[in-house]
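Following: one structure in structure tokens, then a few remarks.
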Amino acid sequence: MKLLQLTATFGCLENETLNFDGGFTLIGAPNGAGKSTWCAFLRTMLYGLDTRQRDKKGAPADKNRYRPWSGAPMEGRMICRQGDRTLEIRRTSAGGVPMGEFSAIDRDTGLPVPGLTADNVGETLTGVSREVFDRSVFLRQTNLAVTHSQELEKRMAALVTAGEEDVSWSEADERLRTWQRRRRYHKSGLLPQLEEEEQTLLEAQRQTADLRQSLAQAQARADALRRQKEQWDNRLALETDKLETVSQQRYAEAAAALDAAQLRLHTLGDREEAEQEDLALEEELSEEMAEIKEELKGRKRLMTGFVLVVVLLTLGCAALFGIPRYIEPNVADFPVSIPILPLFLYAAVAGVLWVLVVLFTLIKAGCDHRSRKELAELRRQAEENSRLRERRERTWTEALAQRDQARKYFEAVSQQGAPAPNLPPEAETCRTSLHAAEQEVANLQGRLDALGDPVLVDARLDSVRERIALLQADYDAMDVALEALRESDSQLHARFSPQLSDRAGTYFTRLTGGRYTRVDLSRGMELTVREGESLTDQPLAYLSQGTADQLYLALRLAVADLVLPEPDQAPVVLDDALITLDDTRLTLALETLLELSKDRQVILFTCQSREFRVLENHPEVRTVRLAGF
């Protein structure tokens, strides 16, 4: 498979597109621009999105981690080349399931690709499962190490055998050990359980006779005590009837008192409604008194203004008719004679005005008298309402107190019940002894029932012993099978481990410029290396971080060569996998990847510009710079 184009609405990517070259594609982007998101999107397009995954502390599930930031549905498209066909793979969200809708179209014919489904598209195109893909050609900065995997082990085994990749050695070993553990594992398993059951059955046979004898004796004691108890119960019933009659009378009296108190409260009506009506009436009276007071003040202001106007008019008329000239007859500038007509007019106007003043005064006095009378009546009504409200409150308080007292008495009588009759201590002793005897009988009977019928116990014992013999034979046969499996696995590992070690050593020598010449790989993917002509191997823990990353890269490329021998199957994808390498190591790694890209597509994501400087003189490398780089 050769990747041609990706279009994604995935996480921070909003309908963005990446194009790839069939050989080496170098993609630069700053941290946070979506490099890892593109890698995760590619893996999702190939192997789908695990919607059953749940969020963990500090590690959200992919369905939540890569939910589109814009709120749009998660979807994407992948265009790739497989053999002589160009395929278009689409995954979209449908029915609330992210990336749950799948389609695969042959772009040359426009028809769906037969046999290609959402579940098998990744393994069909790349030739490996998701687990092997992650451990071979999918290299991330935080996941360069190659860990042990049953899927990878199957693939390795297929390199050196003619069999199918159905079962790995570890799967077979684990399956046999699981079967063995089911039969015996320390004190657990079927065999210890059956052996314990055998001892239990033997013990049951020994205990059955003793329990039957003890049960007969306990039943005889219980029968005697039961007859004594029946006599005491008859006596107790007579005395209880007498006491219950007295108790019922007290209960009836308490119930009647409570009903009367509740009836009184019911006749008083709704307390809150009455209070609201009183408050409404009080508010209404207050508003009416305020209106009357405002009318009195208004009339007073009106009368005061009217008198002031009359005074001003009187003075104005005096000035108009020239009165000042006639009240000073000895002034030399004015004649001594006094005209009668102007004085008459002045007196008439002034008289009319003051008559109006008197008339308005009388009208105001009458109105004020009525208003004050109404105000007094309203005050009387308010006081009466207040007294009525206080009387009603006292009545309610008394009724509530009466009701509460009756309720407490009723509850006390209800809880008290009828007094217990006084019986002599012998009656209680008889009851206690009978209870103990019945418990003993039940206990003995239960133990007998647990032991089972002797005939059935014997049959079960024979069956258990036969099952033990069969399981023990299976266990011994599995021991033999495990030993044979370990021997065959050692032979198989001795066949494919040198191939992987040689291939990894070749890559590691090239990546380190010839400094290291040998790589050894154990079954658990534990690595050791040899430097130059040294006679001793160094474990991985002794290497620097840069050298360790070179070794991981070499092992990944060797695994890819072995488990994916067809160069047209799966591209090598690196997500900031070279970030810890210094400039010299980086140059050697890029030269190795350039050589590899002649046979297999290589896609390198980086957040640094060093790779672009090293590869700037290589026209066969396609370079892509994302936003912000």
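Bear in mind that the values here come from a model prediction, so they are computed numbers and not experimental data.
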Can you tell me if [atom1] on [X] sees more than 12 non-hydrogen neighbours from other groups inside 6.0 Å?
X      : atom1 : result
Arg226 : CZ    : yes
Gln217 : CD    : yes
Glu196 : CD    : no
Gln53  : CD    : yes

Heavy-atom pair of closest approach, residues [X] and [Y]:
X      : Y      : result
Val137 : Ala560 : CG1-CB, 3.5 Å
Thr528 : Pro539 : CG2-CA, 4.0 Å
Val464 : Leu194 : CG1-O, 3.4 Å
Arg460 : Leu201 : CG-CD1, 3.6 Å
Thr9   : Pro73  : CG2-O, 3.6 Å
Val572 : Leu574 : CG1-CD1, 3.7 Å

For the residue pair [X] and [Y], establish whether any side-chain heavy-atom pair is separated by less than 4.5 Å.
X      : Y      : result
Ser433 : Glu438 : no
Leu555 : Val519 : no
Val121 : Val113 : no
Gln228 : Leu434 : no
His435 : Gln439 : yes
Phe10  : Pro68  : no
Arg54  : Lys63  : yes
Glu440 : Arg221 : yes

What's the spacing between [X] [atom1] and [Y] [atom2] if we round to 0.5 Å?
X      : Y      : atom1 : atom2 : value
Phe41  : Ser36  : CZ    : OG    : 15.0 Å
Leu125 : Met45  : CG    : CE    : 10.5 Å
Leu448 : Asn443 : CG    : CG    : 10.0 Å
Glu466 : Leu461 : CD    : CG    : 12.0 Å
Cys39  : Arg140 : SG    : CZ    : 8.5 Å
Leu42  : Phe138 : CG    : CZ    : 6.5 Å

| field | Centroid-centroid under 6.0 Å between Phe133 and Tyr47 rings | value | yes

| message | Closer than 3.5 angstrom, by distance alone: can the side chain of Ser93 be matched with the main-chain N or O of Met99 as a donor-acceptor pair? | response | yes

| query | Is the side chain of Asp549 donor-acceptor paired with the backbone N or O of Thr580 at a distance under 3.5 Å, no angle test? | reply | no

| request: Could you please spell out the steps behind the side-chain contact (heavy atoms from CB on, under 4.5 Å) verdict for Thr429 and Thr432? | output: CA-CA 5 Å; Thr429 301; Thr432 303; 5.8 Å; no

Ionic contact status for [Y] with [X], cut-off 4.0 Å:
X      : Y      : answer
Arg91  : Glu101 : no
Arg130 : Glu123 : no
Arg90  : Glu75  : no

Donor + acceptor pair across side chains of [X], [Y] (<3.5 Å):
X      : Y      : value
Asn234 : Glu230 : no
Gln207 : Glu203 : yes
Asp223 : Gln219 : no

| message | Please determine whether side-chain contact (heavy atoms from CB on, under 4.5 Å) holds for the pair Leu444 and Arg212, giving the CA-CA distance in whole Å, both sets of side-chain angles, and the decisive distance to 0.1 Å. | response | CA-CA 8 Å; Leu444 292 171; Arg212 287 184 180 279; over 6 Å; no

| task | For Asp62 and Thr44, run side-chain contact (heavy atoms from CB on, under 4.5 Å): C-alpha distance rounded to whole Å, both residues' side-chain angles, the deciding distance at 0.1 Å, then the answer. | result | CA-CA 9 Å; Asp62 287 349; Thr44 299; 5.7 Å; no

| request: Apply side-chain contact (heavy atoms from CB on, under 4.5 Å) to Val559 and Arg135, showing your working. | output: CA-CA 8 Å; Val559 169; Arg135 286 169 169 79; 5.9 Å; no

| Can you name the one residue among Asp50, Asp575, Asp134 that meets salt bridge (Lys or Arg N to Asp or Glu O under 4.0 Å) with Arg43? | Asp134

| task | Start with the C-alpha distance between Asp233 and Lys229, add both sets of side-chain angles, then the distance that settles salt bridge (Lys or Arg N to Asp or Glu O under 4.0 Å), and finish with yes or no. | result | CA-CA 6 Å; Asp233 287 344; Lys229 177 180 174 295; 2.7 Å; yes

